[in-house]
Amino acid sequence: MSTFISFEGIEGSGKTTQLRRLAENLRRRGGEVCLTREPGGCPIADDIRRILLHPDSRAMVPRAELFLYAAARAQHVEEIIRPALELGQVVLCDRFIDATLAYQGFGRRLDRQLIEDLNRQAAGGLMPRMTLLLDLPVEVGLRRARDRNALAFDAEGRFEEESLDFHRRVRRGYLELARRHPERIRIVEADGTGDEVASRIEKICSTFFGEAW
Ligand code: TMP
């Protein structure tokens, strides 16, 4: 059952909740699951995450941001993802290389070739076998994300403070990536109840895992 699946989507797309639901579902079916996220997933990458997402990092220039995401990814791939795959686990990762293309490429407008080269170097060529892109209108996602942050002190709000236009570019970027990589990226309509979205994901996974599901 060993495989690598990433989840992507704009802020408030519900991917973290859906990732946890899929992990439970896979464990019930006897799979060993490694649930992880980017940026982060291990102590060094978690430290980088704090720098990247803290509102005090507002002055960070786009290229510095890009290199920090790549640094966090290099550590995470070597320390967590590859070892888990070698143990035969299903790795479910909350964001991976597509996030850098969507946010730093389409969002910040950094050079696509540079990002693709860095992604390849940082991940050592590792790619998800399947990427689930949870798609919904930006206004709906941001409303959800802001309601969530209003409930708890949040030291990770830097991207939620970006303009509506930035988030629209990120969403368009993700959809463009899905168009370029239909063999890997599946679009999941995420504007519905948690149960509705989970059943869409279950359907995709039953085809993807086939006999092993
Ligand atoms: P999260 O809120 O889904 O955990 O993601 C953290 C933030 O980091 C989110 O706003 C997207 C952003 N991000 C990038 O800009 N580039 C990347 O490569 C990754 C992995 C995340």
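Ligands are counted one by one from 1 in listed order, and the atoms in each one are counted from 1 as well.
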Do NZ/NE/NH1/NH2 and the carboxylate oxygens of D98 and R184 come within less than 4.0 Å? yes
Tell me whether the count of non-hydrogen atoms from other residues, nucleotides or ligands lying under 6.0 Å of CD in E211 goes above 12. no
Residue pair Q121 / D117, side-chain donor-acceptor N/O under 3.5 Å: no
Does R20 CZ have over 12 foreign heavy atoms under 6.0 Å away? no
Think R73 forms a cation-pi with F96, using NZ or CZ under 6.0 Å from the six-ring centre and within 45 degrees of its axis? yes
CZ/R129: more than 12 non-hydrogen atoms of other groups inside 6.0 Å: no
Using a strict cut-off of under 4.0 Å between a residue heavy atom and any atom of ligand 1, list the qualifying protein residues by chain and number. E11, K15, E38, P39, R49, L53, Y69, R73, R95, A99, T100, Y103, Q104, F159
